[in-house]
Amino acid sequence: MLHIIFAILSGGGLFLLAGATRNHGWFIADQVCLHGAVLCDNPSLIVTTGSVLVIFAAVHLMVRN
């Protein structure tokens with residue numbers, strides 16, 4: 001579960017950085033935003049999903065123990 005959360009938050013960070021540096025000469029940022037334009041325009045969707053999963057995992061760990 002924690003690996004999935006880390007992957008989602010890392011992807012959110014990637015799209016947040018790519019959206020901020022789009023059209024500033026960074027080839028990788030331009031390519032990421034070319035293939036994921038919706039996520040570059042709204043990286044908060046991924047970060048919000050990751051945050052909800054972090055809260056869910058924390059509650060799950062507290063209830064399980």
Spacing of Cys40 atom SG and His35 atom NE2 [to the nearest 0.5 Å] = 11.0 Å
Asp41 versus Arg22: any side-chain heavy-atom pair under 4.5 Å?
-> yes
Cluster overlap Leu39 with Ile28, hydrophobic side-chain contacts below 4.5 Å = yes
Nearest non-hydrogen partners of Ser51 and Leu9, listed with the distance = N-CD2, 4.2 Å
Least distance between heavy atoms, Val32 atom then Ala18 atom | CG1-CB, 3.8 Å
Looking only at heavy atoms, which two atoms of Gly12 and Pro43 are closest? And how far apart?
-> O-CB, 4.4 Å
Quick note, side chain to side chain donor-acceptor pair (under 3.5 Å) partners involving residues 23-34, not counting sequence neighbours, are none
Connected via hydrophobic side-chain network under 4.5 Å: Ile46 and Leu53 | yes
Going only through I, L, V, M, F, W and Y residues with side-chain contacts under 4.5 Å, is there a path from Phe15 to Phe6?
-> no
Are Val54 and Ile8 grouped together when hydrophobic residues (ILVMFWY) are joined by side-chain heavy atoms under 4.5 angstrom apart?
-> yes
Leu45 reachable from Val52 in the ILVMFWY side-chain graph, under 4.5 Å edges | no
